[in-house]
Novice: 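I am attaching a structure below and will ask some questions about it afterwards.
Letters A, B, ... mirror the listed sequences (proteins, then strands); counts begin at 1.
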Amino acid sequence: MMKKSLISIQDFSKEEILHVLEVAKEFEKNRSRNILEGKVIACIFFEPSTRTRLSFETAVNRLGAKVIGFSDASNTSVSKGETLKDTIKMVSNYVDMIIMRHPLEGSSRYASEVSSVPVVNAGDGANQHPSQTLLDMYSIMQTQGKLDGLTINMVGDLKYGRTTHSLLQAMSHFDTEFIFTAPDELKMPVEYKDFLKEKGIRYTETDSLEEHLNDCDILYMTRVQQERFTDPMEYEKVKNVYRLDASMLKNVRPGMKILHPLPRVNEIDQDVDDTPYAYYFKQAENGLYVRMAIISCLLGYR
Amino acid sequence: MESISKELKVSALENGTVLDHIPAENVYKALDILNLKGIENQITIGINLNSKLYGKKGIIKIADRFFEDDELNKLALIAPHATVNIIRNFQVVEKKQLTMPDRIEGIASCMNPKCITNHQPVKTKFSVVNENGKISLVCHYCEKQSEIIFK
Ligand SMILES: [Zn+2]
């Protein structure tokens with residue numbers, strides 16, 4: 001399909017997004033495909049992220065390719081002061097694709113400019129994490145049977161939460177209505193609301209979790225991430241602002257599903273896990289199929 | 001009489017470029033942006049000249065040097081109302097206004113401390129956003145929008 005890098009969700013057109021989601025469906029039906037046999041893919045993680053790395057490495061293995069790489073830069077030549085450019089130049093000469101995570105924002109875009117092979121961004125600081133966005137969309141499509149005409153209620157840290165920003169951008173290709181549930185300190189930034197206005201997409205804002213719980217199709221919960229705050233007092237004020245438990249779900253729409261990029265802290269009570277609305281564990285599993293689809297599409301195999 | 005002819009010698013330009021209506025405080029930045037530091041050409045700079053339109057203005061005259069539009073348009077970031085006069089044989093042969101560039105490379109810094117461009121030897125690239133006359137930059141790398149910070 002497309003020999004290119006995936007750095008930001010905005011790099012994919014609506015058609016490309018839909019194509020990747022269709023390919024992911026194929027992989028969900030049959031998760032072991034040796035279509036990339038003989039290929040070598042680098043997973044280079046300059047900061048640890050076990051969850052994301054395991055998902056990507058499993059995807060590579062299930063496609064029949066081999067993985068090389070590192071899971072933490074502290075024992076590599078990077079810690080001796082090698083520039084990112086030199087590391088990428090060297091690695092891209094060895095492999096067919098680079099999957100990278102790096103704490104600095106824009107690092108993946110830069111890597112894609114110096115690399116001779118496609119680069120997949122597995123997270124560049126607080127900036128982008130496009131495979132997360134695609135697996136969120138896949139989860140929405142699989143649970144609702146469509147991407148058009150849905151109401152998505154985003155809850156929690158909408159100020160720093162990059163997953164909500166990227167999902168908002170990606171879902172703007174479709175006929176979506178948004179509800180933003182956040183305390184004053186963590187409201188959706190103006191630039192994203194302006195983006196929706198320009199596209200003619202409706203949104204509502206509230207600071208009450210109860211207010212729009214019963215009129216959404218997707219409840220997208222997020223964790224308040226301590227590391228995004230510069231002021232510890234501000235974090236203490238908002239860290240436990242929303243807690244969803246099973247008793248609050250009595251009157252929700254029958255097909256409503258709860259998504260969460262995981263890990264959760266205490267914004268979703270354990271008793272929600274056994275309700276038919278919980279989808280976050282299946283959502284994480286979907287990440288495998290979507291990452292298999294991303295890798296095979298970017299290498300031109302689907 | 002002697003002093004008048006001296007003044008003429010300094011300000012009259014036989015061939016070259018005159019940049020007028022630069023905000024007085026941005027004259028040195030303009031020299032930076034046009035990469036004029038260290039060149040051999042004769043350069044005359046006026047700062048805090050009275051201007052009917054802008055209060056205090058600056059002016060830069062560069063002898064025997066003509067610029068590409070792309071080079072000059074970078075000045076629009078700090079001097080959107082500047083005018084450019086091309087001088088040949090003591091005559092103004094062309095007068096032009098600047099147009100705001102869509103993209104700039106190298107001359108500004110990203111204000112995001114976590115941006116790759118502030119940690120590695122990466123040339124900065126920005127797209128220029130003009131919202132009702134308020135100019136800001138969006139970093140090509142970290143995708144953050146900020147005001148203009150020159151290197
Ligand atoms: Zn930047």
Side-chain angles (χ1 to χ4, degrees), chain A residues 5-11 46-47 73 78-79 81-89 100-115 119 121 123-130 133 159-160 162 165-166 168-170 189-195 197-198 225 227-230, chain B residues 29 32-35 68-71 73-78 80 98-151:
Chain A
S5 294
L6 173 57
I7 306 303
S8 159
I9 191 66
Q10 309 259 65
D11 296 345
F46 295 84
E47 65 175 359
V78 177
S79 62
E82 185 177 64
T83 62
L84 179 63
K85 180 179 181 179
D86 288 7
T87 308
I88 296 296
K89 285 268 181 207
M100 75 175 266
R101 187 183 185 97
H102 197 289
L104 291 174
E105 296 164 22
S107 51
S108 299
R109 174 78 59 198
Y110 177 59
S112 73
E113 291 172 353
V114 296
S115 170
V119 174
N121 181 7
D124 60 328
N127 187 30
Q128 290 278 346
H129 191 13
T133 310
K159 183 179 177 187
Y160 301 104
R162 66 177 174 193
H165 302 159
S166 303
L168 175 155
Q169 290 173 328
V190 175
E191 59 206 89
Y192 293 102
K193 289 188 272 192
D194 286 346
F195 171 81
K197 277 183 206 156
E198 265 169 44
Q225 294 189 66
E227 60 269 31
R228 304 278 179 244
F229 286 80
T230 42
Chain B
K29 273 182 204 153
D32 263 353
I33 289 174
L34 290 177
N35 245 326
E68 297 292 327
D69 283 352
D70 283 357
E71 279 179 279
N73 284 338
K74 291 190 221 167
L75 283 183
L77 293 167
I78 55 154
L98 302 177
T99 18
M100 193 64 71
D102 295 332
R103 300 179 59 79
I104 55 164
E105 284 193 22
I107 54 175
S109 301
C110 182
M111 62 89 221
N112 175 7
K114 290 193 174 147
C115 179
I116 184 80
T117 59
N118 290 317
H119 296 264
Q120 301 254 333
V122 181
K123 188 179 186 186
T124 60
K125 293 182 198 169
F126 298 90
S127 44
V128 179
V129 181
N130 187 343
E131 285 161 323
N132 308 320
K134 192 176 178 296
I135 304 301
S136 58
L137 302 177
V138 176
C139 177
H140 166 74
Y141 292 101
C142 72
E143 306 180 18
K144 297 283 177 295
Q145 188 170 349
S146 63
E147 285 160 32
I148 304 166
I149 302 167
F150 289 96
K151 285 194 164 166

Novice: Mind running side-chain hydrogen bond (donor to acceptor under 3.5 Å, both in side chains) on Gln145(B) and Glu191(A) for me, showing each step along the way?
Specialist: CA-CA 9 Å; Gln145(B) 188 170 349; Glu191(A) 59 206 89; over 6 Å; no
Novice: Within residues 134-141 of chain B, which residues come under 4.5 Å of chain A, heavy atom to heavy atom?
Specialist: His140(B), Tyr141(B)
Novice: Going by residue number, which parts of residues 122-132 of chain B are within reach of chain A, meaning a heavy-atom gap below 4.5 Å?
Specialist: Val122(B), Lys125(B)
Novice: Looking at Lys85(A), I'd like to know if its NZ atom is crowded, meaning that more than 12 non-hydrogen atoms belonging to other residues, nucleotides or ligands lie closer than 6.0 Å.
Specialist: no
Novice: How many angstroms lie between atom CD of Glu105(A) and atom NE2 of His119(B), to the nearest 0.5 angstrom?
Specialist: 9.0 Å
Novice: Should the heavy atoms of other residues, nucleotides or ligands under 6.0 Å from NZ of Lys193(A) be counted, would the total exceed 12?
Specialist: yes
Novice: What's the separation between atom CD in Gln120(B) and atom OG1 in Thr83(A), rounded to the nearest 0.5 Å?
Specialist: 6.0 Å
Novice: From Ile116(B) CD1 over to Asn127(A) CG, what is the distance, rounded to the nearest 0.5 angstrom?
Specialist: 11.5 Å
Novice: Among Ser108(A), Ser8(A), Ala126(A), who wins on heavy-atom pairs under 4.5 Å with chain B?
Specialist: Ser8(A)
Novice: Which bit of Gln10(A) is near chain B, if near means a heavy-atom gap under 4.5 Å: side chain, backbone, both or neither?
Specialist: neither
